[in-house]
2 protein chains.
Amino acid sequence: MNNQIDFSDIFSRSGWFVGFEEDKLPDIFSFGHRRVYESGVTLFREGDHATKSYMVLKGRLKVSKLHEDGREAIVRYINPGEMTAAVSVLKGKDYPVTAQAIGPSEALEWDRETMLNLMNTYPRIAINLLGIVVERLDDIQTRYLELQTERVEQRIARSLLRIMRQSGRKTSEGILIDFRLSRQDLADYTGTTLYTVSRTLSRWEQKGWTVSSRERIVVTNPHALVSFAETG
Amino acid sequence: MNNQIDFSDIFSRSGWFVGFEEDKLPDIFSFGHRRVYESGVTLFREGDHATKSYMVLKGRLKVSKLHEDGREAIVRYINPGEMTAAVSVLKGKDYPVTAQAIGPSEALEWDRETMLNLMNTYPRIAINLLGIVVERLDDIQTRYLELQTERVEQRIARSLLRIMRQSGRKTSEGILIDFRLSRQDLADYTGTTLYTVSRTLSRWEQKGWTVSSRERIVVTNPHALVSFAETG
DNA sequence: CCCCCTATTTGCGCCGGCGCAAAGACACGA
DNA sequence: TCGTGTCTTTGCGCCGGCGCAAATAGGGGG
């Protein structure tokens with residue numbers, strides 16, 4: 001288990017720490033259990049009884065909901081510094097979604113009891129949690145509206161931009177999505193099919209907006225993409 | 001302003017009051033301002049600065065998000081006993097949705113300052129709020145999945161059933177949706193068009209599953225509808 | 001009780017996007 | 001370096017659902 005996690009970077013990405021003095025954080029962390037996940041491992045499944053909350057330290061989680069017919073909707077990606085499953089654990093409910101590591105990852109885990117103790121010691125935690133949940137509610141409501149009202153190509157554009165903002169890294173070519181993202185993944189996130197995403201990316205590549213290869217997408221002209229996403 | 005609101009009914013419908021002794025509730029209520037709304041009045045608009053939280057006492061609110069092109073997505077209906085806008089007010093943000101009275105309504109309003117005071121006095125409020133928000137997050141995530149994966153007719157069935165469970169009233173004919181619900185409304189809630197809803201209801205009426213007229217829907221065979229919603 | 005405004009129904013034609021199928025490209029392991 | 005499995009591309013045909021248009025039905029106000 002290596003220790004060169006950049007905590008200050010993690011702090012800045014997470015609403016979790018708002019209002020804490022930095023010297024309290026090691027205390028909170030010390031009650032968590034640090035664990036490594038191989039790529040592809042499922043941390044928890046929709047419908048399982050919720051026992052642990054997670055904060056991602058390294059890597060990335062894919063949070064999705066599964067439909068009976070096998071199709072899946074990707075609800076969000078969880079980046080380093082972000083939490084997942086905190087509330088279902090507190091409430092003693094089942095997980096409403098499934099979380100899977102994409103790429104080698106590390107997370108800090110807290111069990112229900114520890115969480116409740118921490119919340120007693122630091123009431124601020126409940127307030128911060130409320131903020132995080134509301135933010136996610138806004139996000140999914142907005143995407144719900146888009147899914148109802150916009151055409152596929154526009155939605156793919158918005159999806160790609162959203163992922164880019166959360167997980168993009170600047171390179172000489174443009175902004176690179178910093179993890180393996182297949183056409184199928186982008187389709188599951190957008191609410192369309194593998195084929196349509198593929199055709200769309202081909203078109204965009206011809207226009208010079210993106211460059212894509214196997215499980216890899218670079219946005220070379222974010223401006224054009226934003227403008228297209230907004231005007232249709 | 002009449003006073004024959006059935007508070008015990010309101011308590012039972014709302015997660016808001018979980019864990020309170022009943023004798024504290026009059027205190028909380030006394031800090032709210034009670035107000036009457038005519039049918040069609042807009043309580044707040046998406047993007048406005050959030051100044052007031054509401055609890056519906058009578059009537060019903062329609063909560064929706066608007067798209068630039070004029071189309072709207074109905075996010076949910078707020079029934080008596082339920083809250084809306086509590087968190088945006090606390091966070092000092094803008095309203096993320098629009099709320100409009102459908103039918104003559106009454107609500108209890110609290111402003112930001114009062115809310116913050118109440119939360120200090122009764123910390124339980126924050127915890128209950130968290131529960132409410134999470135419930136809504138689950139709801140919208142589930143509908144998001146359905147919107148991505150299911151065909152229109154199935155989604156209309158699920159939508160109607162969801163509305164029925166929240167706002168249905170048993171009658172001799174079957175279960176009546178207890179407020180004016182047009183084909184357009186159901187379309188905006190489901191993510192389809194007025195035309196498709198109309199055709200679908202006609203079909204269902206022939207099968208004996210529903211009886212509908214102008215802005216009025218009665219589910220006469222809930223079983224059949226549920227079975228259809230689940231199996232497609 | 002009648003009028004007018006709004007909601008609903010339904011025929012018709014179109015088309016965006018789906019999904020099969022087959023070929024091509026790439027990545028990794030032996 | 002080659003082979004194999006997975007991901008991607010693209011031609012092709014189909015069809016679910018949209019949306020116009022016109023007729024019809026209600027219902028609330030005067």
Side-chain angles (χ1 to χ4, degrees), chain A residues 38-40 62 67 69-74 102-104 146-160 177 179-207 210-218 228 232, chain B residues 38-40 62 67 69-74 102-104 146-160 177 179-207 210-218 228 232:
Chain A
E38 283 177 41
S39 183
K62 180 179 80 176
H67 200 255
D69 64 8
R71 300 191 46 182
E72 73 174 336
I74 297 179
I102 50 173
E146 289 167 7
L147 188 54
Q148 279 204 11
T149 54
E150 293 175 357
R151 310 237 142 228
V152 166
E153 187 171 3
Q154 193 174 1
R155 278 167 23 221
I156 298 174
R158 287 203 200 263
S159 297
L160 184 55
I177 306 298
F179 61 97
R180 290 184 180 288
L181 180 75
S182 70
R183 307 291 183 271
Q184 182 70 61
D185 290 333
L186 190 49
D188 290 341
Y189 186 90
T190 306
T192 179
T193 61
L194 153 64
Y195 309 106
T196 300
V197 168
S198 178
R199 283 184 254 266
T200 302
L201 286 179
S202 299
R203 232 175 298 132
W204 290 351
E205 186 140 3
Q206 294 206 324
K207 295 189 190 179
T210 58
V211 174
S212 51
S213 52
R214 190 194 179 100
E215 297 181 310
R216 184 175 178 279
I217 304 179
V218 183
F228 173 79
Chain B
E38 283 177 41
S39 182
K62 180 179 81 177
H67 200 257
D69 63 8
R71 298 192 47 182
E72 71 173 338
I74 297 179
I102 50 173
E146 290 167 7
L147 188 53
Q148 280 203 11
T149 54
E150 293 175 357
R151 311 235 141 229
V152 168
E153 187 171 3
Q154 194 175 1
R155 276 163 29 218
I156 297 174
R158 286 203 201 263
S159 297
L160 184 55
I177 305 299
F179 61 96
R180 291 185 180 288
L181 180 75
S182 69
R183 308 290 182 272
Q184 181 69 62
D185 291 333
L186 190 49
D188 290 342
Y189 186 90
T190 307
T192 178
T193 62
L194 153 64
Y195 309 108
T196 300
V197 169
S198 177
R199 283 185 255 264
T200 302
L201 286 179
S202 299
R203 231 175 298 131
W204 290 352
E205 187 140 4
Q206 294 206 323
K207 296 189 189 178
T210 59
V211 174
S212 51
S213 51
R214 189 193 179 98
E215 295 181 311
R216 183 174 179 280
I217 304 178
V218 183
F228 174 78

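Worth knowing before you read on, the calculation uses all heavy atoms, side chains too, and leaves out hydrogens, waters and symmetry mates. Chain A is the first sequence line, chain B the second, and so forth, proteins listed ahead of strands; every chain is numbered from 1. Because the structure is a prediction, the values reported are computed rather than measured.
- Scanning for ring-ring contact (aromatic ring centres under 6.0 Å, His included) contacts around A/Tyr195 gives an empty result, with sequence neighbours left out.
- In this structure, the salt bridge (charged side-chain N to carboxylate O under 4.0 Å, His left out) partners of A/Glu72, at least two apart in sequence or on a different chain, are A/Lys62.
- Considering only residues two or more places apart in sequence or on other chains, B/Arg214 meets the side chain to side chain donor-acceptor pair (under 3.5 Å) condition with none of them.
- With axes fitted over five pairs at each extremity, the angle between the ends of the helix from C/dC1-D/dG30 to C/dA30-D/dT1 is 40° (10° resolution).
- Every residue two or more places apart in sequence or in another chain was checked for a salt bridge (charged side-chain N to carboxylate O under 4.0 Å, His left out) with B/Glu205, and none qualifies.
- For A/Arg71, the side chain to side chain donor-acceptor pair (under 3.5 Å) test picks out no residue, with sequence neighbours left out.
- OP1 and OP2 of C/dT8 both lie 4.0 Å or more from every side-chain N or O belonging to B/Ser202.
- Using a 4.0 Å cut-off on heavy atoms, the residues of residues 150-158 of chain B that approach DNA chain D are B/Arg151, B/Val152, listed by number.
- A distance of 7.5 Å separates OG in A/Ser159 from CD in A/Glu146, rounded to the nearest 0.5 Å.
- In this structure, CG in B/Leu194 is found 9.0 Å from CZ in B/Arg183, a value given to the nearest 0.5 Å.
- The side chain to side chain donor-acceptor pair (under 3.5 Å) check on B/Thr210 picks up nothing, with sequence neighbours excluded.
- Across all strands shown, A/Ser198 has heavy atoms under 4.0 Å from base atoms, whether or not it also approaches the sugar-phosphate.
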| Nucleic acid footprint by protein, nucleotides 20-30 of chain D - heavy-atom cut-off 4.0 Å, B for base, S for sugar-phosphate alone | BB---BBSS--
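- Projected onto DNA chain D by closest heavy-atom contact, A/Leu181 and B/Gly191 fall at different nucleotides, the more 5' of which corresponds to A/Leu181.
- In this structure, the CD atom of B/Gln184 is 11 Å from the P atom of D/dC18, given to the nearest Å.
- Separating the CZ atom of A/Arg216 from the P atom of D/dT8 is a distance of 13 Å, rounded to the nearest angstrom.
- A/Arg203 meets the side-chain contact (heavy atoms from CB on, under 4.5 Å) test with A/Glu153, A/Arg199, A/Thr200; sequence neighbours excluded.
- Atom P of nucleotide C/dT9 and atom CG of B/Leu201 are separated by 7 Å, given to the nearest angstrom.
- Nearest nucleotide to the side chain of B/Thr196, out of C/dC18, C/dT9, D/dC18: D/dC18.
- For the pair B/Gln206 CD and C/dT10 P, the interatomic distance rounds to 8 Å; values are reported in whole Å.
- Shown here are the side chain to side chain donor-acceptor pair (under 3.5 Å) partners of A/Ser198, two or more places apart in sequence or in another chain: there are none.
- The CH2-P distance, from B/Trp204 to C/dT10, rounds to 15 Å in whole Å.
- A close approach under 4.0 Å does occur between a side-chain nitrogen or oxygen of B/Thr193 and OP1 or OP2 of D/dC18.
- Distance A/Leu194 CG to D/dC7 P: 10 Å, rounded to the nearest Å.
- Rounded to a whole Å, the CZ atom of B/Arg183 is 9 Å from the C1' atom of C/dT9.
- Note: A/Leu160 CG to A/Leu186 CG = 6.0 Å, rounded to the nearest 0.5 Å.
- For the pair B/Arg203 CZ and C/dG11 P, the interatomic distance rounds to 12 Å; values are reported in whole Å.
- For the salt bridge (charged side-chain N to carboxylate O under 4.0 Å, His left out) test, residues two or more places apart in sequence or in another chain that qualify with B/Glu150 are B/Arg158.
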